[in-house]
Protein chains: 2
Amino acid sequence: MLDKDEVKDTIVNVARHIFSRFGFRKTTMDEIAIATRKGKSSIYYYFESKEEIFQAVVEKEAGLLKAELHEAISKIEDPREKLKAYILIRMRALNKLANFYDALKNEYLSHLEFINIIRKKYDDDEIATVENILSKGIENGEFVIESPHLASIAIVTAMKGLEIPIFVEVNSENVEKRIDDLVNILFYGLIKR
Amino acid sequence: MLDKDEVKDTIVNVARHIFSRFGFRKTTMDEIAIATRKGKSSIYYYFESKEEIFQAVVEKEAGLLKAELHEAISKIEDPREKLKAYILIRMRALNKLANFYDALKNEYLSHLEFINIIRKKYDDDEIATVENILSKGIENGEFVIESPHLASIAIVTAMKGLEIPIFVEVNSENVEKRIDDLVNILFYGLIKR
DNA sequence: AATTGGACTAAAAAGGTAAAACGGTCGATT
DNA sequence: AATCGACCGTTTTACCTTTTTAGTCCAATT
């Protein structure tokens, strides 16, 4: 890793903290500069804009989650178990990231185009991963799915729907069990013939 | 139906129009009064508050949807087909109601407690309906589901997740087919052994 | 007694504006 | 190459005034 990249990484780490506490809007470039003990212009030496820093933060975050997911599922051979592990860990990870997202949730960011680009990229990536697992299962003859692409969209969409627990009171004790139940029901036994 | 209820119903119908066009906040009691050709105090003779009118509007709307759903599924005997029809029609109905919800979507209403009460009530009702269908299927021996309650939560939640088409561009031509595909995949053949 | 309109009030929203804060640039410095 | 202070045009904030609004009250009408 080059010197320049190290500095960029430091800025990203510091910015991540500030963004996660105050959101995108209320985080100022001056704050980031002060927190990194640099002049504001120095920040602009490494990044072209506030958006670019935010993008880097999100992408690092997504990269870590992706790595965690990959690490967790790479050992598992059986596609059925692999998919199950993927869903479980992804939903647990979202729980962990809740703080980071909370600060941003109350902001209206979707009119900022770059946010939507990031979101779409991340979603596409996730769909691709799930589709990959499904396809291997189809090759194995373990799954019989007509359209693995549509199926992966359905799975990812359903996970998004299940992110926010609306109906049932959630405490940290029962959330694990609940996720497990839902995964089993939704994808392995919602309606057994 | 008594005279009083007829007048209330007229007010609700007029208010529905205005709410759907301008949302909750930007709809004024004066507007409702003018549109109903009544004095404002007359409106307050029939309803205690703006919230109460809005609640009546939403409840009527929900009631119509509920009736439509019931009408559609009441003839179907097979629980599997019944559930499928329920999901299909509910998702189509949501498409139709899009205009009504759109005006309200851009408002931040969830901090108004009565909105959350309505929402929860509606959600609970929907879960109960789905649970009822599932239970009949279990009695029949057609479904093997350990927790029909959890399963119905999962189905309703997933439907909510699928309400907003995030990933795929949607045009009115393919939306029907897409819903059908997703329903089939999610609940009847996501992963066939 | 049931129903209505209009004047009224307290509270909230909208409008306007001057000052502060902001994202981003530039030229100089190390 | 890397850093920085001073700076610029724009946006946001903070504050005030005016207008609008939800809801009340009461006299008038049916």
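The figures that follow rest on heavy atoms only: side chains count, while hydrogens, waters and symmetry mates do not. Convention: sequence-line order gives letters A, B, ...; per-chain numbering from 1.
- Atom CG of A:D5 and atom P of D:dA1 are 15 Å apart (whole Å).
- Between B:K121 and the choices B:E59, B:Q55, B:E126, the side-chain hydrogen bond (donor to acceptor under 3.5 Å, both in side chains) rule is met once, by B:E59.
- Annotation: the span from B:I43 atom CD1 to B:M29 atom CE amounts to 6.5 Å, rounded to 0.5 Å.
- Taking side-chain N and O atoms only, B:S41 has no distance below 4.0 Å to OP1 or OP2 of C:dT4.
- Between the CD1 atom of A:I32 and the C1' atom of C:dG23 there is a distance of 11 Å, rounded to whole Å.
- Spacing between atom CG of B:D30 and atom P of C:dC8 amounts to 16 Å, rounded to whole angstrom units.
- Distance A:K8 NZ to D:dA2 P: 11 Å, rounded to the nearest Å.
- Counting non-hydrogen atoms under 4.0 angstrom, A:T27 reaches the backbone sugars and phosphates but no base.
- Close to D:dT3, at under 4.0 Å from its OP1 or OP2, lies no side-chain N or O of A:Y45.
- In the set D:dC4, C:dT4, D:dG23, C:dT4 carries the atom at the smallest distance from any side-chain atom of B:S42.
- When the C1' atom of D:dT12 is taken as reference, atom CE of A:M29 falls 17 Å away, rounded to whole Å.
- Side-chain contact between A:L134 and A:H149 is absent, with no heavy atoms from C-beta onward closer than 4.5 Å.
- Each of A:K38 and A:K26 was assigned the nucleotide of DNA chain D with the nearest heavy atom; the assignment lying further toward the 5' end belongs to A:K38.
- One finds no side-chain N or O of B:T28 lying less than 4.0 angstrom from the OP1 or OP2 phosphate oxygen of D:dT20.
- C:dG27 atom P lies 18 Å from atom OH of A:Y44, rounded to whole Å.
- No close placement of the A:F47 and A:F54 rings is indicated, their centers lying 6.0 Å or farther apart.
- Nucleic acid contact class of B:Y46 (heavy atoms, under 4.0 Å, all strands): sugar-phosphate only.
- Regarding A:K50, its NZ atom lies at a distance of 18 Å from the P atom of D:dT10, rounded to whole Å.
- Using a 4.0 Å cut-off between a side-chain N of Lys or Arg and a carboxylate O of Asp or Glu, B:K82 and B:D78 do not qualify as a salt bridge.
- Each of A:E48 and A:E31 lies near DNA chain C, and the nucleotide nearest A:E31 is the one positioned closer to the 5' end.
- Using a 4.0 Å heavy-atom cutoff across all strands shown, B:K40 reaches at least one base atom of the nucleic acid.
- Between the P atom of D:dA22 and the CZ atom of B:F54 lies a distance of 14 Å, rounded to the nearest Å.
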